[in-house]
There are 2 protein chains.
Amino acid sequence: MALDKVDYVTEEAPRQATIFDVARLAGVSHQTVSRVVNDLPNVRSSTRVRVEEAIKKLRYVPSPAARALVTRRSRTIGLIATGGPEFGPSSTVLYFNAAARDARWSVFTANMTDSDPGSIRGAVEAFLRQNVEGIAVISGHEGSVDVVAGMELTIPLVALEATPHVGLATVGADQYNGARNAVRHLIALGHRGIAHLAGPADSVDARERERGWRDELGANDLSARVIGVGDWSPSSGHRFGEACDLTGLTAIFAANDQMSIGLIHALNERGLTVPADMSIIGFDDIPEAAYVTPPLTTVRQDFETIGRDMLSTLLARIEGDRSTELPQSLPELIERASTGPARSVA
Amino acid sequence: MALDKVDYVTEEAPRQATIFDVARLAGVSHQTVSRVVNDLPNVRSSTRVRVEEAIKKLRYVPSPAARALVTRRSRTIGLIATGGPEFGPSSTVLYFNAAARDARWSVFTANMTDSDPGSIRGAVEAFLRQNVEGIAVISGHEGSVDVVAGMELTIPLVALEATPHVGLATVGADQYNGARNAVRHLIALGHRGIAHLAGPADSVDARERERGWRDELGANDLSARVIGVGDWSPSSGHRFGEACDLTGLTAIFAANDQMSIGLIHALNERGLTVPADMSIIGFDDIPEAAYVTPPLTTVRQDFETIGRDMLSTLLARIEGDRSTELPQSLPELIERASTGPARSVA
DNA sequence: AAGCAAACTGTGAGCGCTAACAACTTTTCA
DNA sequence: TGAAAAGTTGTTAGCGCTCACAGTTTGCTT
């Protein structure tokens, strides 16, 4: 015997113990084992101990597949992440996953660089087949969230910074007031001509930051000018920095740090000095921000908190708690050397 | 009736169709449906069509849980990622996931910021319970891979840049020759005093880069000096840049771009100009590299290729192909302004 | 001490699927 | 033409678990 199994080097692992193996060893029924495993009441503590010992001895671990088959629960959630490896979203994904691990939930991640509705729908369908109990969407692309929200799922859905939908919980930092703080800081420094380098139009974050900038200017009777709509990348910041009209401007609020870096580089190439000729303020506080030249004044978002909040919000919804407060933190202004007193405008 | 179900707003979704529903509608046995679904031979084409129509009409989708329960296969893989949101690893994770999606595999991601053996073992065990068919490890920490490799799994294991183990496939770029190219570039520019700012000691990548640097210097009869062992972060680069002894040096090869950025910043603070006083070369080519001041000469790694190679290697192993060539690409030197001709040494 | 409730424990069915094999058709070829 | 071979379909038995309920023991009351 076993002659037909010689193709594999390692010896056959002993079959995983089942609930019946445990039951036999402990001298109880499988149902009692199930009670112990699931921590249900009405088990005599002496039998509980006996079962627990058997479990330990056999290294028994319940089969998620069998459990999922009968309960239709899986203790699993699906995470949809679109876009490239930008710092913000990928940090949020990372901390979301870490938080899930801490809570002993499994997460299926569907990463896609594009975000066309078909792919997203496909990902959601795959998740549903896997019996995920909730779905999270971390996407710069607003459209992605709309697609998922439009599918009218019966399981909870949480998204990062999206416009409200029915059945959708939104978590994120207060981009609007973060942006207002940034602009307020510039105004306090004496700036009056404060332009904006915007993020992509389909991003709620980008729109909120722009709105905050616009409103703060409006509140101070200052006029608003957008010098470009970038894609978050340093190269897009650079591109608009090369081309834009700077007359009347002494400061620019860029929608994120990466674009700020590209922008500053372009300004330098044009012979301008930051902050002497132009103050620049970014958003996010990426790790590099403190070490570029000049160190970047920015608005810090705590991606770890955001990721963890997304998870806890989702779990709360899964548990049926639809009333949970949606967490929203206020990003913090980090003052560094890329902003300074306004020079008199040419 | 239905009076006890009014607590939920949306109407009860009609129960997912099972294989029996399809069988009944098509007028065949469930086994025939199974054959059609799994694309097995020996089904008359007319019945196949009939079954396919029933499937479409009922929007039938096989239950992965039931299937996994009986086949012990899951078309699912587990991904362990340790460390923080650095650009390299998180890009690799992203592209690995994207590739898995393209191949219609699901992936469980376990992200952990720490990488203690207990957590990793726990993650692997959770994966095994979920019947993953393979495990990938993306970790700067060499120890992480060792832990997983030491568990003597019966399923394939692939890791990013690790020292070889039995049963372990390793994928990654050729760090060693990438580093040699970087140093060769500096030597060609006339540099003779070329120090290294190393990455963390427990990282295979870091060690390979250091080894490449050292060997290339040795091949040219130049002496090697390490000015610090950082943790990949800009702040660690800055810290060593502030403190280190620069005598006899005209160039520094930093183990990654982020540390380069911190390092350059510190040198500037010390009154030195890059590259006039000191040439700096990094590694990775992060998106910001081209836009910092001065633009960073660096060695580009293609994280997308690496991530996708990891996936295809793992899938090949899962299919039983243990002979596959392990892909290894040569990183490309990107010459920018942070390196220049050597000045004469003080 | 009888009687009943509460606390425990066990039994059987079934979640949705595939594997193994049995049974029935059709084809092939002497 | 008939029997073996090949092709097609159906039947049964689980995979490992939870749920619903039946059965048994224990504790408490009067």
Side-chain angles (χ1 to χ4, degrees), chain A residues 4-5 13-52 54-55 58-76 106 128-131 133, chain B residues 4 13-52 54-55 58-76 106 125-126 128-133:
Chain A
D4 50 355
K5 270 285 174 64
R15 190 181 54 77
Q16 252 286 29
T18 76
I19 201 171
F20 289 95
D21 300 322
V22 176
R24 195 174 321 117
L25 180 60
V28 296
S29 73
H30 70 278
Q31 180 55 41
T32 298
V33 178
S34 176
R35 288 192 184 98
V36 171
V37 168
N38 293 299
D39 217 31
L40 295 175
N42 298 339
V43 178
R44 193 175 308 170
S45 61
S46 62
T47 55
R48 184 180 295 271
V49 168
R50 208 142 32 90
V51 170
E52 276 163 353
I55 287 174
L58 296 176
R59 300 156 146 271
Y60 166 72
V61 179
S63 149
R67 196 176 255 174
L69 182 59
V70 43
T71 60
R72 289 133 194 284
R73 292 204 55 173
S74 59
R75 213 178 166 82
T76 289
S106 298
L128 294 179
R129 263 174 251 150
Q130 304 275 8
N131 296 311
E133 297 182 45
Chain B
D4 51 354
R15 190 180 54 77
Q16 252 288 28
T18 76
I19 201 170
F20 289 94
D21 299 323
V22 176
R24 195 175 320 116
L25 181 59
V28 296
S29 75
H30 69 279
Q31 181 55 40
T32 298
V33 177
S34 176
R35 289 192 183 96
V36 171
V37 168
N38 294 297
D39 217 30
L40 294 175
N42 298 339
V43 177
R44 192 174 307 171
S45 61
S46 61
T47 53
R48 184 181 293 274
V49 168
R50 207 142 34 88
V51 170
E52 276 163 354
I55 287 175
L58 296 176
R59 298 157 146 272
Y60 166 72
V61 178
S63 149
R67 195 177 257 176
L69 183 59
V70 46
T71 60
R72 290 134 194 281
R73 292 205 55 173
S74 59
R75 214 181 164 80
T76 288
S106 298
E125 277 158 10
L128 293 178
R129 264 173 251 151
Q130 303 275 6
N131 297 312
V132 300
E133 296 182 46

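Each chain gets a letter, A, B and so on, in the order the sequences are listed, and its residues count up from 1.
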Engineer: Between atom CZ in A:R24 and atom P in C:dT9, what is the gap in whole Å?
Structural biologist: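 So the CZ-P distance, A:R24 to C:dT9, works out to 19 Å.
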Engineer: Round to a whole Å and report the spacing from CG of A:N38 to P of D:dC17.
Structural biologist: 10 Å
Engineer: Tell me: CZ of A:R73 to P of C:dC15, nearest whole Å?
Structural biologist: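 Spelled out: CZ on A:R73 to P on C:dC15 is 20 Å.
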Engineer: Provide, to the nearest angstrom, the distance between the CD atom belonging to B:Q130 and the C1' atom belonging to D:dG16.
Structural biologist: 14 Å
Engineer: Can you check whether any acceptor in the base of D:dT9 is under 3.5 Å from a donor in the side chain of B:H30, or vice versa?
Structural biologist: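 Counting by modelled atom types and ignoring angles, no donor-acceptor contact under 3.5 Å is found here.
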Engineer: Do any side-chain nitrogens or oxygens of A:S34 fall under 4.0 Å of OP1 or OP2 in D:dT18?
Structural biologist: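 Checking A:S34 against D:dT18: at least one side-chain N or O falls below 4.0 Å of OP1 or OP2.
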Engineer: Side-chain N or O of A:T47 versus OP1/OP2 of C:dT9: is the shortest distance under 4.0 Å?
Structural biologist: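 Result: yes.
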Engineer: B:L40 or B:L69: which one's nearest nucleotide on DNA chain C is closer to the 5' end?
Structural biologist: B:L69
Engineer: Return the nearest nucleotide to the side chain of A:S63; candidates are D:dG16, C:dT9, C:dT18.
Structural biologist: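 The answer is D:dG16, which lies nearest to the side chain.
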Engineer: Quick one: B:Q16 CD to C:dG16 P, roughly how many Å, whole number?
Structural biologist: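 That distance rounds to 9 Å.
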Engineer: Which part of the nucleic acid does B:P41 contact within heavy-atom distance under 4.0 Å: base, sugar-phosphate only, or nothing?
Structural biologist: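 If one applies the 4.0 Å heavy-atom cut-off, B:P41 turns out to touch nothing in the nucleic acid.
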Engineer: Please report the distance, rounded to the nearest Å, between CG in A:D21 and C1' in D:dC15.
Structural biologist: 13 Å
Engineer: Of the candidate nucleotides D:dT8, C:dT18, D:dC17, which contains the atom at the shortest distance from the side chain of B:N42?
Structural biologist: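 Minimum distance to the B:N42 side chain belongs to D:dT8.
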Engineer: Can you name the closest pair of heavy atoms from A:V43 and A:T47 and give their distance?
Structural biologist: CG1-OG1, 3.3 Å
Engineer: Taking CZ from B:R75 and C1' from C:dT18, how many angstroms apart are they, rounded to a whole number?
Structural biologist: 17 Å
Engineer: Compare side-chain N and O positions of B:S29 against OP1 and OP2 of D:dG10 and report whether any pair is under 4.0 Å apart.
Structural biologist: yes
Engineer: Is it the case that the side chain of A:R50 and the backbone of A:A26 share a donor-acceptor pair, with hydrogens and angles ignored and the cut-off at 3.5 Å?
Structural biologist: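 Yes, A:R50 side chain to A:A26 backbone: donor-acceptor pair under 3.5 Å.
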Engineer: Give the minimum heavy-atom separation between B:V36 and B:E52, together with the two atoms involved.
Structural biologist: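 That would be CG1-CG, 4.0 Å.
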Engineer: Using the side-chain contact (heavy atoms from CB on, under 4.5 Å) definition, which of the options A:T32, A:V33, A:I55 pairs with A:I19?
Structural biologist: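 Filter result, single survivor: A:V33.
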Engineer: Going from CZ on B:R35 to CD on B:Q31, what distance comes out if it is rounded to the nearest 0.5 angstrom?
Structural biologist: 4.5 Å
Engineer: Would you list the protein and nucleotides 20-29 of chain C atom pairs, both N or O, that sit under 3.5 Å from each other?
Structural biologist:
none

Engineer: Which pairs, with at least one residue in residues 59-76 of chain B and sequence neighbours excluded, count as a salt bridge (charged side-chain N to carboxylate O under 4.0 Å, His left out)?
Structural biologist: B:R73-B:E133
Engineer: Please check the phosphate of C:dG16 (OP1 and OP2 only) for any side-chain N or O of A:R72 closer than 4.0 Å.
Structural biologist: yes
Engineer: Rounded to whole angstrom units, what separation is found between the CZ atom of B:R67 and the C1' atom of C:dG16?
Structural biologist: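 So the CZ-C1' distance, B:R67 to C:dG16, works out to 10 Å.
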Engineer: Just checking, is any N or O donor in the side chain of A:T76 or A:Q130 under 3.5 Å from an acceptor N or O on the other one?
Structural biologist: no
Engineer: Using side chain to side chain contact (heavy atoms under 4.5 Å, CB included), reason through A:V51 and A:R48 one step at a time and then give a plain yes or no.
Structural biologist: CA-CA 5 Å; A:V51 170; A:R48 184 180 295 271; 5.9 Å; no
Engineer: Please tell me which of the listed nucleotides, D:dC17, C:dG10, D:dG10, lies nearest to the side chain of B:T32?
Structural biologist: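 Nearest to the side-chain atoms of B:T32, counting from C-beta on, is D:dG10.
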